[in-house]
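Each chain gets a letter, A, B and so on, in the order the sequences are listed, and its residues count up from 1.
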Amino acid sequence: MKNRLRILRAERNWSQADLAARLDVSRQSVNAIETGKYDPSLPLAFKIARVFDLSIEAIFQDDDSVAAQAAE
Amino acid sequence: MSVITQPASSRTRRKHFYMAACAVSLAAYAVLVLADRLLAADLTWLVIGAAFAAIAFGFAWISALDEVATQAQYVAWYWGGSAGLALSMLILLALLLPGFGVAHGGLHIVIPGLPGESAAFFAGYALATLPAVVGFLIWWAIYWLRRS
């Protein structure tokens with residue numbers, strides 16, 4: 001699953017530790033999610049969306065939708 | 001460009017507190033065991049108390065982990081713990097073989113220095129638990145190395 005966490009974070013000048021504090025998770029967890037090495041649960045995905053004031057789809061894209069976009 | 005900093009979350013603070021409390025309890029346990037042996041004082045209840053405190057704080061620490069760290073625990077116990085248990089079973093089956101069996105003191109071979117019954121008890125306990133714990137630690141480290 002791809003995501004725009006790094007970009008969104010950079011736009012707000014937040015470090016990984018800042019985002020981690022806002023999400024109540026560890027910095028290592030933010031890094032794992034940001035690099036696409038861990039897919040967050042739905043509750044955490046909703047929490048991330050709320051923190052950035054965006055919809056989940058605006059932050060996360062599954063591989064199928066990425067492939068479909070590339071094919072268009 | 002200024003970086004907006006955020007104080008550590010309540011979960012992180014709780015996690016660090018329980019981790020420190022668990023470490024202190026473990027240290028107290030080690031000191032009390034040493035004192036019990038060196039001073040020949042009867043500190044049994046204090047030792048048990050320290051051990052229970054370490055376990056309780058350990059559970060509290062684990063319960064304060066976030067979902068990625070919890071997943072690391074699940075995966076590490078599932079794969080590493082299972083692999084360790086499988087190794088324990090293999091060793092157990094090997095010990096049952098004639099020639100290298102329990103009948104020939106197979107368990108005693110593991111720790112030759114200790115007296116028979118103590119060595120057998122310790123080796124049996126270690127055989128059942130250590131491979132699973134080592135497997136867990138290896139898999140846990142791999143999980144985080146792949147995600148760092």
Ignoring hydrogens, what is the shortest heavy-atom contact between [X] and [Y]? Give both atom names and the distance.
X: A:Ala32; Y: B:Val68; result: CB-CG1, 4.3 Å
X: A:Asn31; Y: B:Arg147; result: ND2-O, 3.3 Å
X: A:Ser29; Y: B:Asp66; result: OG-OD2, 2.8 Å

message: Is any side-chain heavy atom of B:Thr12 closer than 4.5 Å to one of A:Ser26?
response: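 No, side chains not in contact.
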How about [X]: does its [atom1] atom have over 12 heavy atoms from other parts shown lying under 6.0 Å from it?
X: A:Phe52; atom1: CZ; result: yes
X: A:Lys2; atom1: NZ; result: no
X: B:Met89; atom1: CE; result: no
X: B:Trp77; atom1: CH2; result: yes

Same apolar cluster (I L V M F W Y, side chains within < 4.5 Å links), B:Ile62/B:Phe57: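 Yes; B:Phe57 is reachable from B:Ile62 via cluster members.
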message: Do B:Trp61 and B:Phe136 land in one hydrophobic cluster if side-chain heavy atoms of ILVMFWY residues count as linked below 4.5 Å?
response: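 Per the 4.5 Å side-chain linkage, B:Trp61 and B:Phe136 are not co-clustered.
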message: Is it the case that the side chain of B:Glu67 and the backbone of A:Ser41 share a donor-acceptor pair, with hydrogens and angles ignored and the cut-off at 3.5 Å?
response: yes
- prompt: Taking the side chain from B:Arg11 and the backbone from A:Val25, do they hold a donor-acceptor pair closer than 3.5 Å?
  reply: no
field: Region of A:Pro40 in contact with chain B, defined by heavy-atom distances below 4.5 Å
entry: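 For A:Pro40, heavy atoms of backbone and side chain both lie under 4.5 Å from chain B.
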